[in-house]
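Reviewing the structure listed below.
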Amino acid sequence: MLMLCLIKPNSIFAPSIKKGSATMQKELSEQELVRRDNLKKLQELGIDPFPSDTFDVNTKAIDIKSRYTEESKEFESVKLAGRLMSKRIMGKASFAELMDSSGRIQIYLNRDEICPEEDKTMYNEVFKKLLDLGDFIGIEGFAFTTQVGEISVHVTKFTVLSKSLRPLPVVKTDAEGNVHDSFSDPELRYRMRYVDMVVNPDVRRVFEQRTTMYNTIRTYLNEKGYLEVETPILQPLYGGAAARPFKTHHNTLDMTLYLRIANELYLKRLIVGGYDGVYEFSKDFRNEGMSRFHNPEFTQIELYVAYKDYEWMMNLVEEMVELIAIALHGTTKVQVGENVLDFQRPWKRYTMYEAIKEYTGVDISEMDESQLREAAKSLKVHVDNSLGKGKIIDEIFGEHVEHKLIQPTFITDYPVEMSPLAKKHKSKPGLVERFEAICNAKEICNAFSELNDPIDQRERFESQLELGKRGDDEAMVLDEDFLRSLEFGMPPTAGLGIGMDRLAMIMTNQSSIQDVLFFPQMKPEKQE
RNA sequence: GAUCUGGUAGCUCAGCUGGUAGAGCAAUACACUUUUAAUGUAUGGGCCCUGGGUUCGAAUCCCAGCCAGAUCACCA
């Protein structure tokens with residue numbers, strides 16, 4: 001093909017570099033060559049394909065589409081910018097679609113209006129041939145309605161703003177709203193999220209909703225007077241959760257550092273230091289398996305409030321999550337998969353024992369360890385001998401209760417063995433003042449009345465150390481500085497952690513954590 | 001980590017019991033001044049994931065590997 005001959009190896013538009021070079025690119029496809037050739041031709045016409053000038057738009061596509069009427073004078077002179085997403089050329093006139101951050105709008109171009117003089121190059125060459133789908137252009141013109149009734153922009157002038165050298169997937173939607181040839185390969189979507197976002201506009205909506213979620217929480221907590229803080233991500237000791245950490249090394253200090261698995265112990269130090277309430281959106285890192293619910297790095301918000309307990313915190317969670325649902329959906333009801341979850345307060349509350357009794361008919365509240373073991377067997381829950389009382393209860397709960405909890409539900413009062421940082425229950429021996437909120441069969445938050453008795457805390461750490469010695473690689477390590485801070489005195493405090501990714505999945509109705517993370521962790525692409 | 005499914009054109013996918021590599025969209029050329037999944041005619045485009053094996057012959061069968069998804073186990 002003639003086009004191919006125009007690209008000589010020594011051209012600056014050629015694939016670049018010799019074989020074996022680190023920067024060697026894959027051989028260019030036919031369509032990439034065409035685009036590079038079009039770029040060159042634009043330059044030959046004196047058109048800069050990558051101009052630096054500001055292009056000041058005065059309108060978004062959605063403004064015109066939502067407000068334009070035949071009578072309105074509002075859109076008599078509009079200026080928009082975005083990507084060219086389709087072209088329908090009909091000789092001396094053309095329709096096309098421009099997509100800006102708000103969406104797509106149809107544009108209309110007429111040869112003799114674009115080129116009133118003799119020279120028809122801008123229409124015949126630049127628009128019809130040298131502009132490719134995906135290119136950024138700016139347009140000026142006026143809004144109108146086509147004969148078929150589609151609100152469009154009649155273009156009087158267009159400007160090349162940036163050339164696209166790779167073809168985007170072309171996704172089309174027909175009159176019935178059916179999407180054709182959708183860009184759907186999950187691997188490609190996650191590896192090239194920028195393409196996913198261009199071509200699948202709902203993807204951007206999800207992330208906008210995620211940000212709305214964050215903003216709602218920030219506003220809510222700031223209005224209560226709590227302080228947003230930042231604490232170390234690189235920690236000499238990892239703590240605050242049961243998980244395996246990522247390990248790294250600081251060269252100058254010549255010491256091992258860990259990426260945080262939680263920020264709990266640091267935030268509590270800040271309560272010791274005198275704040276009434278602190279919170280942090282905390283990127284945490286856990287060196288564990290990956291699945292559609294687990295990414296190696298994920299985000300939690302943790303919140304600590306002095307002079308409060310877990311009952312108080314339950315009310316806060318209800319109120320805050322209800323607000324999020326309303327902020328995103330205008331209602332407390334949220335469609336998640338096949339279910340509609342209603343976040344309206346108050347949520348159901350069960351103690352763990354009540355929940356197990358409700359869903360299995362077995363009352364385990366008075367059982368000792370051997371009775372529990374028997375009960376587990378009769379419920380077909382597999383428990384091996386290394387499991388202690390708390391773990392057995394947790395297994396029964398996980399097996400028989402958790403997956404049935406679709407509507408938002410609080411589960412309270414957990415066994416002490418599972419909660420080394422929570423305060424012992426004021427009236428129920430063997431339990432701690434802790435709750436989790438479960439919805440759509442998944443835990444979305446974990447909270448407790450924080451253990452502030454330094455002597456008790458030391459003992460709990462020590463029993464964790466025992467677990468570690470027995471081979472539990474998720475057991476907590478003893479943090480002397482944290483204990484020292486508690487010895488100076490920490491007020492009674494309620495603490496909360498919410499898994500932001502999990503919450504985002506529910507609030508945006510996504511079934512995979514990868515769909516609420518811009519760049520989910522992937523194995524490296526193989527080298528060409 | 002285990003099991004299952006998949007990897008073919010820029011994108012979405014066909015390709016049977018082994019016999020010359022296919023479609024739609026996208027691209028290229030021409031036509032077309034209100035189309036809208038625009039249309040019509042013509043054309044080009046492939047390391048069939050990688051490496052072995054079986055075979056006269058492999059996209060197809062076998063083995064190993066890489067990557068992804070789903071399910072399961074641990075964790076949020």
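All heavy atoms count here, side chains included; hydrogens, waters and symmetry mates do not. Naming convention: chains lettered A, B, ... in sequence-line order (proteins, then strands); numbering from 1 in each chain.
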Report task. Just do the side chain to side chain donor-acceptor pair (under 3.5 Å) check on Tyr108(A) and Gln106(A) with the steps written out, would you? Result -> CA-CA 7 Å; Tyr108(A) 172 77; Gln106(A) 179 170 263; over 6 Å; no
Report task. Measure from the side chain of Glu150(A), starting at C-beta and using heavy atoms only, and say which of C67(B), U36(B), C11(B) lies closest. Result -> U36(B)
Report task. Pick base, sugar-phosphate or nothing for Lys120(A), based on heavy-atom distances below 4.0 Å to the nucleic acid. Result -> nothing
Query raised in the report: Using a cut-off of 4.0 Å on non-hydrogen atoms, how would the nucleic acid contact of Gly91(A) be classed: base, sugar-phosphate, or nothing?
Result: base
Query - C48(B) - base-pair partner by Watson-Crick or wobble geometry, distances under 3.5 Å - result: none
Query raised in the report: If the C1' atom of A59(B) is compared with that of U3(B), how far apart are they to the nearest Å?
Result: 26 Å
Report task. Taking atom C1' in both C47(B) and G7(B), compute the distance separating them and give it to the nearest angstrom. Result -> 14 Å
Query raised in the report: Below 3.5 Å, does any donor atom in the side chain of Gln106(A) face an acceptor in the base of U35(B), or the other way round?
Result: yes
Report task. Would you indicate what Lys128(A) reaches in the nucleic acid, counting non-hydrogen atoms under 4.0 angstrom: base, sugar-phosphate, or nothing? Result -> nothing
Query raised in the report: Between U55(B) and A9(B), how far is it from one C1' atom to the other, in whole Å?
Result: 29 Å
Query - Length of the line joining Lys92(A):NZ and U35(B):C1', which is rounded to integer Å - result: 16 Å
Query raised in the report: Which whole-number value in Å describes the distance from Gln147(A) CD to U36(B) C1'?
Result: 13 Å
**Report entry** Mate of A37(B) where both pairing distances stay under 3.5 Å, Watson-Crick or G-U
**Finding:** none
Query raised in the report: Which is true for Glu302(A) with a 4.0 Å heavy-atom rule: it touches a base, it touches only sugar-phosphate, or it touches nothing?
Result: nothing
**Report entry** Pairwise P distance for A68(B) and U8(B), with rounding to whole Å
**Finding:** 15 Å
Query - Ion pair check, Lys268(A) and Glu450(A), cut-off under 4.0 Å - result: yes
Report summary line: Testing C11(B), C74(B), U34(B) for proximity to the side chain of Glu395(A), the answer is C74(B)
Query raised in the report: Which heavy atom of Ile261(A) sits nearest a heavy atom of Tyr238(A), and at what distance?
Result: CD1-CD1, 3.7 Å
**Report entry** G-U wobble or Watson-Crick pairing nucleotide for C4(B) (cut-off 3.5 Å, both distances)
**Finding:** G69(B)
Report summary line: Per atom distances to the Lys129(A) side chain, the nearest of C11(B), U28(B), C30(B) is C30(B)
Query raised in the report: Expressed as a whole number of Å, how far does the C1' atom of A23(B) sit from that of A70(B)?
Result: 28 Å
Query raised in the report: Thinking salt bridges, do Glu436(A) and Arg434(A) make one under a 4.0 Å N-O criterion?
Result: yes
Requested in this report: Let me know the distance between CG of Asp394(A) and P of A73(B), rounded to the nearest Å.
Outcome: 14 Å
Report task. Ignoring hydrogens and angles, state whether a donor on the side chain of Ser512(A) or Gln514(A) is under 3.5 Å from an acceptor on the partner side chain. Result -> yes
Report task. Please determine, for C61(B), whether a Watson-Crick or G-U wobble partner exists with both distances under 3.5 Å, and give it or none. Result -> G53(B)
Report task. Could you tell me which nucleotide pairs with U43(B) by Watson-Crick or G-U wobble geometry, both distances under 3.5 Å, or answer none if nothing does? Result -> A27(B)
**Report entry** RNA chain B contacts among residues 168-187 of chain A, heavy-atom distance under 4.0 Å
**Finding:** Pro169(A), Val170(A), Lys172(A), Thr173(A), Asp174(A), His180(A), Asp181(A), Ser182(A), Phe183(A), Ser184(A), Asp185(A), Pro186(A), Glu187(A)
Query - Pair Arg349(A) + Glu318(A): basic N to acidic O under 4.0 Å - result: yes
Report summary line: From CG of Leu109(A) across to C1' of U36(B) the rounded distance in Å is 15 Å
Requested in this report: Side chain of Ser29(A) only, please: which of U33(B), C67(B), G10(B) is the nearest?
Outcome: G10(B)
Query raised in the report: Rounded to whole angstroms, how far apart are CG on Leu33(A) and C1' on A9(B)?
Result: 14 Å
Query raised in the report: Atom CE of Met85(A) and atom P of U35(B): how far apart are they, to the nearest Å?
Result: 23 Å
Requested in this report: Inspect the contact between Arg83(A) and Asp100(A) and indicate whether a charged nitrogen and a carboxylate oxygen are less than 4.0 angstrom apart.
Outcome: no
Query raised in the report: On a plain distance test, is the side chain of Glu30(A) in donor-acceptor contact with the base of A27(B) below 3.5 Å?
Result: no
**Report entry** Whole angstrom value for the distance that separates C1' of G44(B) from CG of Leu28(A)
**Finding:** 17 Å
Report task. Look at the side-chain N and O atoms of Gln31(A) and state whether any lies under 4.0 Å from the OP1 or OP2 oxygen of C11(B). Result -> no
Query - salt_bridge(Glu280(A), Arg260(A)) N-O dist < 4.0 Å - result: yes
Requested in this report: Considering only atom P, compute the distance from C49(B) to A14(B) and round it to an integer number of Å.
Outcome: 14 Å
Query raised in the report: Under a 4.0 Å N-O cut-off, is there an ion pair linking Arg292(A) with Asp515(A)?
Result: no
Query raised in the report: When we call it a touch if two heavy atoms are under 4.0 Å apart, what does Ile89(A) touch: a base, just sugar-phosphate, or nothing?
Result: base
**Report entry** Pairwise C1' distance, U71(B) and G10(B) [rounded to whole Å]
**Finding:** 32 Å
**Report entry** Position toward the 5' end of RNA chain B (nearest nucleotide), Tyr108(A) or Ser291(A)
**Finding:** Tyr108(A)
Report task. Taking only Lys NZ, Arg NE, NH1 and NH2, and the carboxylate oxygens of Asp or Glu, determine whether Glu32(A) and Arg36(A) approach each other closer than 4.0 Å. Result -> no
Query raised in the report: Distance between the P atoms of C67(B) and U50(B), in whole angstroms?
Result: 15 Å
Requested in this report: Using atom CG of Asp132(A) as one end and atom P of A27(B) as the other, report the distance to the nearest whole Å.
Outcome: 8 Å
Report summary line: Judged by nearest nucleotide, the residue sitting upstream toward the 5' end of RNA chain B, Ala241(A) or Glu97(A), is Glu97(A)
Requested in this report: May I ask you to say what Arg292(A) touches in the nucleic acid, namely base, sugar-phosphate or nothing, with a heavy-atom cut-off under 4.0 Å?
Outcome: sugar-phosphate
Query - Below 4.0 Å: OP1/OP2 of A38(B) and any side-chain N or O of Arg88(A) - result: yes
Query raised in the report: Looking at Asp37(A) and Lys41(A), does any basic side-chain N land under 4.0 Å from a carboxylate oxygen?
Result: yes
Query raised in the report: Touch check for Phe144(A), heavy atoms < 4.0 angstrom, all strands: base, sugar-phosphate only, or nothing?
Result: base
Requested in this report: Give Asp112(A) one of three labels, base, sugar-phosphate or nothing, depending on what nucleic acid heavy atoms sit under 4.0 Å from its own.
Outcome: base
Query - Complement of G18(B), any strand, by Watson-Crick or G-U distances under 3.5 angstrom - result: none
